[in-house]
Amino acid sequence: MSQNHDAQKTSETRKQPGSHFIKHIIEADLESGKYDGRVVTRFPPEPNGYLHIGHAKSICLNFGLALQYQGRCHLRFDDTNPMKEEMEYVESIKEDVRWLGFDWQEREYYTSDYFQQLWQFAVALVKNGDAYVDSLSSDQIRQYRGTLSEPGRPSPYRDRSVEENLELFEKMRRGEFAEGECVLRAKIDMAAPNIIMRDPTLYRIRKKSHHRTGENWCIYPMYDFAHCLSDSIEGITHSICTLEFENNRELYDWILDRLHAYHPQQIEFARLNLSHTVLSKRKLIELVRRKYVDGWDDPRMPTISGLRRRGYSPGAIRDFCDRIGVARRDSMVDLALLEHCVRQELNKTAMRVMGVLRPLRVVIENYPEDQSEMLPAVNNPEDESMGNRHIPFSRVLYIERGDFMEDPPKKFFRLAPGREVRLRYAYFIRCEQVVRDKNGEIAELRCTYDPETRGGDAPDGRKVKATLHWVSAAHAQQATVRLYDHLFTVENPAEQPDFLEVINPDSLETLTGCMLEPGLAKAAAGQRYQFERLGYFSVDSKDSAPGQPVFNRIVTLRDTWAKIQKAQKQQN
RNA sequence: UGGGGCGUAGUCAAGCGGUAAGACACAGGAUUUUGGUUCCUGCAUUCGGAGGUUCGAAUCCUCCCGCCCCAGCCA
């Protein structure tokens, strides 16, 4: 009976969305008492760049696991390389993790805080004959390492005595050698089939000031040495990293075993790849340095700061990370899924407003010149508690240029000569005349309205096929609106010979003179809205100025008309 | 061609010897004062391939094929 119940429970757990192999491992460990019921994870960024959506996957995983199993998650800056790391990055990383909604409380750690302990561990290794100081140059070390198919050869310095190694290592620490003159290496096996195990470097000399330890050290531990021991020092239980570290796990285990240190387990999962973008630090840096984008927080960037500035919400990003799953196979997630996640959240939470991006002037000929009126509009049909607002209507309005066609194709059921449509929350109008300028361009539409249809319903029951958004010209708030699209034209830019050649030339379109309903004059930075029939937009936090707001398009609404148009184009 | 991983739909992904979940995308239809939302419906007779074990295989075994990672004093 109880057995049955347990079996049922297990299968239910497994069927939960978001169940994955790492949870299975943790649950098995919890059951066997492997770590006395503890679950301790960590997010260990190197402070040498900005966090991106791929990091968000790892953050959600590590913090999420700690939350789910009542454990803890440490934020640890893996700052073992003073050549690349800066304080600016640690600040941005902290801001991004916090913004995503995770709290590391007082558990903010730095590998550099362990330098003294790490040094002592290294000394212990030397004393046990498990490490030696090598005086080969980096070039020679590479030659001695062998290749993928041939074993390496031992360094001529490999059999130095413990005493000599101790003395040399001490001299390294004291700065008596120049950079590159020697390194500390683990003494493992130069013929190991896993190249990582061919006497890996543990310490190298770097005569560079460190952003936290200053001039205290001139030798710095390598990742493989520092990481496992930092995990050990912090009592991590599950050390979760990406697949490319799989080969390093053998060394992770070797070091902890030799030192008889507390031994967390390393678990690898596949890193995130997202279609139509790049997520490698190198490529992201290149986009910034070569000015293809306007900085790390350019709204087209897949960085957390870019997504934030674009208008993405932390909840949508967390939802995305929950949905993509955690597995061991390389994958490429469709950007459409991320877009779906924001739309889903914003549909429930974003206030609806009307904004005309490409204005076309409309004059309501039978509406009195000096008259205007306030019409009630629903703030969010998905959430009644968001209430109503009133928007001004008058004789001269703007509608979207794309909502009018002089010679409408099949299935276009918006405004056209002689045709009647509804202006949302206002009246039915009929297009009576098209007025052109001297260039033959459409300058304005002359229309009539039906006073009986106030609010949008005809008492005689007649129907219209379209409802248009609009803004009263006299009351409009002008704005700049930036339309963003995929940064790259192809699904996987990384597999191109040169990813810079497939940058989408239309990834940004800046529209000025957009006309918004007047309430938007006091929109606060970061505020998110749905511009009805167009998409979700947010107020840019950097470029907006009082009286001249700048909006970023977060994502379009799903657009069936665009699909029909595309299909029609392909037919012709 | 050394070692380590991974192959389930267009894209993710569950599945753990009992007869292919779910999501996104896509395609139809209904409702709609957003061509939005919502709601229905459809979308793998088959799990990289071939053999084998078994009453029964995506799950176990064998061989083959394909893709990814490793030759930093980066992480």
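The sequence lines fix the lettering, A, B, ..., with proteins before strands; numbering per chain opens at 1. Note that these values count all heavy atoms, side chains included, but never hydrogens, waters or copies made by symmetry.
Proximity of A:Ser149 to the phosphate of B:rG2: no side-chain N or O atom is located under 4.0 Å from OP1 or OP2. One finds no side-chain N or O of A:Arg198 lying less than 4.0 angstrom from the OP1 or OP2 phosphate oxygen of B:rG3. The phosphate of B:rC6 (OP1 or OP2) has no side-chain N or O of A:Arg271 nearer than 4.0 angstrom. For B:rC24, one of the phosphate oxygens OP1 or OP2 lies less than 4.0 angstrom from a side-chain nitrogen or oxygen of A:His340. Phosphate contact (OP1/OP2 of B:rC26, side-chain N/O of A:Lys563, threshold under 4.0 Å): present. Listed pair A:Arg142 / B:rA71 fails the phosphate criterion, with no side-chain N or O lying under 4.0 Å from OP1 or OP2. Listed pair A:Arg145 / B:rC73 meets the phosphate criterion, a side-chain N or O lying under 4.0 Å from OP1 or OP2. Taking side-chain N and O atoms only, A:Thr560 has a distance below 4.0 Å to OP1 or OP2 of B:rG36. Contact between the side-chain N/O atoms of A:His55 and the OP1/OP2 oxygens of B:rA75 is not found at any separation under 4.0 Å. For the pair A:Arg533 and B:rG35, the criterion of a side-chain N or O lying under 4.0 Å from OP1 or OP2 is met. At B:rG2, none of the side-chain N or O atoms of A:Thr147 fall inside 4.0 Å of OP1 or OP2 (strictly under the cut-off).
Closest to the A:Arg328 side chain, of the nucleotides B:rG35, B:rG3, B:rC6, is B:rC6. When distances run from any side-chain atom of A:Val333 to the nucleotides B:rU34, B:rC12, B:rG5, the shortest one goes to B:rC12. Checking B:rU34, B:rC16, B:rC74 against the side-chain heavy atoms of A:Met222 singles out B:rC74 as nearest. Candidate nucleotides B:rG35, B:rU37, B:rC12 were compared by shortest atom distance to the side chain of A:Asp559, and B:rG35 ranks first.
Nucleotides B:rG5 and B:rC43 are separated by 38 Å at their P atoms, to the nearest Å. Separation of the C1' atoms belonging to B:rU11 and B:rC26 is 11 Å when rounded to the nearest angstrom. Spacing of C1' atoms, B:rG56 relative to B:rU1, comes out at 41 Å, to the nearest Å. Using atom C1' as the reference point in both B:rA14 and B:rU53, the two lie 26 Å apart (nearest Å). Taking the C1' atom of each, B:rU62 and B:rG72 are spaced 40 Å apart, rounded to whole Å. The same atom, C1', is picked in B:rC16 and in B:rU41; the two are 33 Å apart, to the nearest Å. Atom P of B:rA20 sits at a distance of 11 Å from the matching atom of B:rU45, rounded to the whole Å. B:rU31 and B:rA21 have their C1' atoms separated by 29 Å, with the value rounded to a whole Å.
Across all strands, A:Leu557 comes closer than 4.0 Å to base atoms (heavy-atom distances). The residue A:Thr80 sits close only to the backbone: its heavy atoms come under 4.0 Å of sugar-phosphate atoms, none of a base. Note on A:Tyr425: a base of the nucleic acid sits closer than 4.0 angstrom, heavy atoms only. Nucleic acid contact for A:Leu148: base, since at least one base atom lies under 4.0 Å from a heavy atom of the residue. At a threshold of 4.0 angstrom between heavy atoms, the contacts of A:Lys411 include nucleobase atoms, whether or not backbone atoms are also involved. A:Val353 comes within 4.0 angstrom of no nucleic acid atom, judged by non-hydrogen atoms across all strands. No contact: A:Glu339 has no heavy atom under 4.0 Å from any strand. Among the heavy atoms of the strands lying under 4.0 Å from A:Ser138 is at least one base atom, whether or not backbone atoms are also near. Within 4.0 Å of A:Tyr203, counting heavy atoms only, lies no atom of the nucleic acid at all.
Put simply, the side chain of A:Asn247 and the base of B:rG3 share a donor and an acceptor less than 3.5 Å apart. For A:Glu382 against B:rU38, no side-chain N or O and base N or O form a donor-acceptor pair under 3.5 Å. Taking 3.5 Å as the limit, the base of B:rU8 and the side chain of A:Arg329 contain a donor-acceptor pair of atoms between them. You'll find a donor-acceptor pair under 3.5 Å spanning the side chain of A:Arg352 and the base of B:rU34, going by distance alone.
In this structure, A:Glu86 atom CD and B:rC74 atom C1' are separated by 16 Å, rounded to whole Å. Following rounding to the nearest Å, A:Asp334 (CG) and B:rA25 (C1') show an atom-to-atom distance of 6 Å. A:Leu335 has its CG atom 16 Å from the P atom of B:rC24, to the nearest Å. Note: CZ (A:Arg282) to P (B:rC74) measures 18 Å, nearest angstrom. Note: CZ (A:Phe320) to P (B:rC12) measures 11 Å, nearest angstrom. Computed from coordinates, the A:Asp457 CG to B:rU32 P distance equals 11 Å when rounded to whole Å. With rounding to whole Å, A:Arg414 atom CZ is found 11 Å from B:rU34 atom C1'.
Paired with A:Glu400 under the rule side chain to side chain donor-acceptor pair (under 3.5 Å), one option of A:Arg414, A:His469, A:Arg358, A:Arg533 passes, and it is A:His469.
Remark: B:rG42 base-pairs with B:rC26; criterion is Watson-Crick or G-U wobble with both hydrogen-bond distances under 3.5 Å. Pairing of B:rG2, defined by two Watson-Crick or G-U wobble distances under 3.5 Å, is identified with B:rC70. Pairing partner, B:rA14: none, since no Watson-Crick or wobble contact has both distances short of 3.5 Å. Look at B:rA20: it lacks any Watson-Crick or wobble partner with both distances under 3.5 angstrom. Using the Watson-Crick or G-U wobble rule with both distances under 3.5 Å, B:rC63 pairs with B:rG49.
With the nearest nucleotide of RNA chain B identified for both A:Phe21 and A:Lys348, A:Phe21 has the one nearer the 5' end. Each of A:Asn380 and A:Asp139 was assigned the nucleotide of RNA chain B with the nearest heavy atom; the assignment lying further toward the 5' end belongs to A:Asn380.
Both geometric conditions, a ring-centre gap below 5.5 Å and a plane tilt below 30°, are not fulfilled together for A:Tyr223 over the base of B:rA75.
The OH atom of A:Tyr425 sits 8.5 Å away from atom CZ of A:Arg352, with the distance rounded to the nearest 0.5 Å. Taken to the nearest 0.5 Å, the OG1 atom of A:Thr80 stands 14.5 Å off from the OH atom of A:Tyr110.
In terms of modelled atom types and a separation under 3.5 Å, the side chain of A:His74 and the main chain of A:Arg76 share no donor-acceptor contact. In this structure a side-chain-to-backbone donor-acceptor pair under 3.5 Å is missing from A:Arg343 to A:Val555.
Side chains of A:Lys57 and A:Ile324 form a contact here, defined as non-hydrogen atoms less than 4.5 Å apart.
When all heavy atoms of A:Pro302 and A:Val278 are compared, the closest pair comes out as CG-O, 3.3 Å.
A salt bridge between A:Asp450 and A:Arg430 is absent, with no side-chain N of the basic residue lying under 4.0 Å from a carboxylate O of the acidic one.
A centroid separation of less than 6.0 Å is found between the aromatic rings of A:Tyr50 and A:Tyr89.
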Inset, instruction - Applying ring-ring contact (aromatic ring centres under 6.0 Å, His included), run through A:Phe169 and A:Trp119 and close with a yes or a no. - result: CA-CA 10 Å; A:Phe169 190 39; A:Trp119 154 261; 4.4 Å; yes

